[in-house]
Amino acid sequence: MTSVTQDRETAVVEAAPKRLYINGQWRDARSGETLEVLDPSTGQLLCRVADASEEDGWDALRAAEAAQKEFAAVPPRQRADMLMRAFELMHQRKDDLALLMTLEMGKPLADAYGEVNYAAEFFRHFAEETTRINGNYQTAPAGNARFIVRKEPVGPSLLITPWNFPLAMGTRKLGPAIAAGCTSVLKPAELTPLSMLALAQLMEDAGVPAGVVNIVVTSTAGTVMEPLIRSGIARKLSFTGSTAVGKKLLEQCAEKVLRTSMELGGNAGFVVFDDADLDQAVEGAMLAKMRNSGEACTAANRIFVHRSVIDSFAEKLAARMGELKLGRGVEDGVQVGPMVDAKQQAKVKELVDDAVGAGAQVVIGGNTGTGSGFFYQPTVLKEVPPSARMWREEIFGPVAPLTPFDTEDEVIDWVNDTEYGLVNYVFTHDLTRALRVAESVESGMVGLNQGAVSNPAAPFGGIKESGLGREGGDTGIDEFLETKLIGIAMS
Ligand code: NAP
């Protein structure tokens, strides 16, 4: 891959939509306000985007409400076709989508291409699910009645997405919403609105009717979204983001008893037993830790390695981390981009400094990068104690904290010593132990001898304070469907 030219960067940003998408119209915020989108690899302004206020939010929700009845009646095959066209357009436009994502979010271009592909797969997967929404016909136990059970769209839905996967977290919600026949208002993160606006353009081109998908970008998320949530007009909130914000939104949803899907934070344990293939475990750790430069809810946050192999594991991991090229995601060969903003960079630094203060040793890295962007060096820490803040808090950066363990029971206790429960990873060649540990760790997902579990065809989600509900798989569409019973007297 060769580096992207400045002219090409400018052209892609210029061509990207920068206005709100409401009821099939591209429009400025009613207030005329705009917000800044920065390139995190330089800290420089990329462009300005319309900044919605509460009034714009209401316009979007009313548009979704008005379009709901008609959209629910669109035949499943037609909804599937819309999603398939959107899938194909994503592949046709992958170069622009990937570059736009890299520019606004910072991830290396190769990661951005990976995300476009992953994001598009949600449309294909849910296109295929659209025509399989089914029900049931049953005889009542007493024989005097029949039950028809049918699935109906939940109704207008509010979708809120984070900055770390600006495209895929959107398609993971829009795909099942459209498949189920739900209209929606989607609010992307303020830091990364361009990917979602480009997606809205693409969905319009794919023939998604006006009002079905509405995009509201805002610098005042709470002010704009809270009244919409509390109104009860939308019947569903699907949120991906931090546990702290998710808890607040759950309270708001309680007022009108909205259906909720909550994809929240993680604190993944990554366990390497003494019989594991160390090279395979190191490659797994590179994936689980360094995907998206460490800014992933699924990122290995605590790496537990059996004491007898930890030195060798640390050496191999440090060698791989040391080879990584840090830089602007658009440059040739870059594998680690900047943190998304100065706040995130400062948080990573704070957590590393805290761990070192608590007794951890730096094997490699351990500092911010040079230049004006928000860089942090790929870092490996050894002997990270349970008292370190990063044992409990998401690092969200390229930092691999290693802790030695002695017994299986001890490591299971440590893995579960967190309020989170999204994913854990286990490396061992002992099948019985693999299954025993996989069944004992408290998480919605487990990677066995692999450092990535996400796949549109599999149910993604967490337990404990990592969330409620699942996205993807054959259950993802249920999050946007209600079950209705029609009881029929037969005598
Ligand atoms: P965040 O601060 O919770 O923000 C997520 C989204 O919520 C953004 O669009 C944000 O808008 C919006 N938001 C913030 N406050 C809000 C409020 N009061 N009312 C309504 N919306 C509000 O999380 P983040 O920092 O963007 O993302 C990182 C977090 O997401 C991490 O904890 C990560 O683990 C989690 N995550 C989870 C998954 C998963 O599938 N489980 C996947 C990816 C990320 P603004 O940004 O515009 O303020």
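Just so it is clear, the structure is predicted and the values come from calculations on it, not from any experiment. Counting starts at 1 for both ligands and their atoms, in listed order.
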Kindly assign one of parallel, tilted or perpendicular to the pair F396 and W163, based on the angle between their ring planes and the thresholds 30° and 60°. perpendicular
Would you check the N or O atoms of S466, main chain and side chain alike, for any that come under 3.5 Å of an N or O of ligand 1? no
Closest to atom 1 (P) of ligand 1 (judged by heavy-atom distance), picking from P193, S242, P162, G472: S242
Atom indices of ligand 1 within 4.0 angstrom of N164 heavy atoms, with elements: 43 (C), 44 (C)
More than 12 heavy atoms from other groups under 6.0 Å of CD on E419: yes
Intermediate values then yes/no, side-chain contact (heavy atoms from CB on, under 4.5 Å), Q335 and M290: CA-CA 9 Å; Q335 292 149 298; M290 296 307 293; over 6 Å; no
Nearest protein heavy atom to atom 20 (C) of ligand 1, by residue and atom, and its distance? L249 CD2, 3.7 Å
Nearest-contact summary for atom 47 (O) of ligand 1 - protein heavy atom, Å: E190 N, 2.8 Å
V245, D341, T243, T240: member with heavy atom nearest to atom 5 (C) of ligand 1: T240
If the plane angle is over 60° it's perpendicular, under 30° parallel, otherwise tilted; pick one for F270 and Y425. tilted
With backbone taken as N, CA, C and O and side chain as the heavy atoms from C-beta onward, which portion of F239 lies under 4.0 Å from ligand 1: side chain, backbone, both, or neither? side chain
Salt bridge check: are E471 and K173 linked by an N-O gap of less than 4.0 Å? yes
Protein residue, atom and distance nearest to atom 34 (O) of ligand 1, heavy-atom basis: E394 OE2, 2.6 Å
Decide, yes or no, whether a salt bridge links K107 with E295 under the criterion of side-chain N to carboxylate O below 4.0 Å. no
Just to confirm my output: which protein heavy-atom neighbour is closest to atom 33 (C) of ligand 1, and how far is it? F396 CZ, 3.4 Å
For the pair K248 and E226, find out whether any cationic side-chain nitrogen is under 4.0 Å from an anionic carboxylate oxygen. no
Return the residue, atom name and 0.1 Å-rounded distance of the protein heavy atom closest to atom 26 (O) of ligand 1. W163 CD1, 3.0 Å
Parallel under 30°, tilted from 30 to 60°, perpendicular over 60°: which one fits the rings of W391 and F304? perpendicular
Is any NZ, NE, NH1 or NH2 atom of the basic residue among R124 and E121 found under 4.0 Å from an Asp or Glu carboxylate oxygen of the other? yes
For atom 11 (O) of ligand 1, find the nearest protein heavy atom and state the residue, atom name and distance (0.1 Å precision). K187 NZ, 2.9 Å
Return the residue, atom name and 0.1 Å-rounded distance of the protein heavy atom closest to atom 48 (O) of ligand 1. A221 CB, 4.1 Å
Around atom NZ of K18, are there more than 12 heavy atoms from other residues, nucleotides or ligands closer than 6.0 Å? yes
For L264, the ligand 1 atoms with a heavy-atom partner under 4.0 Å come out as 34 (O), 37 (C), 38 (C), 39 (C), 41 (N)
Could you check whether the rings of H91 and F87 sit parallel, tilted or perpendicular, using 30° and 60° as the cut-offs? perpendicular
Whether L191 lies under 4.0 Å from ligand 1, heavy atom: no
Atom 12 (C) of ligand 1 sits nearest the protein heavy atom I160 CG2, 3.7 Å
Atom indices of ligand 1, in the order listed, that fall short of 4.0 Å to a heavy atom of A189: 9 (O), 46 (O), 47 (O)
Strictly below 4.0 Å, N to O, side chains only: are E129 and R132 in salt-bridge contact? yes
Which of these, C297, G222, P188, has its nearest heavy atom closest to atom 17 (C) of ligand 1? G222
Checking heavy-atom distances from atom 40 (O) of ligand 1 to each of M169, R172, E471, the winner is R172
Indicate, as side chain, backbone, both or neither, the part of T161 found under 4.0 angstrom from ligand 1 when only non-hydrogen atoms are considered. backbone
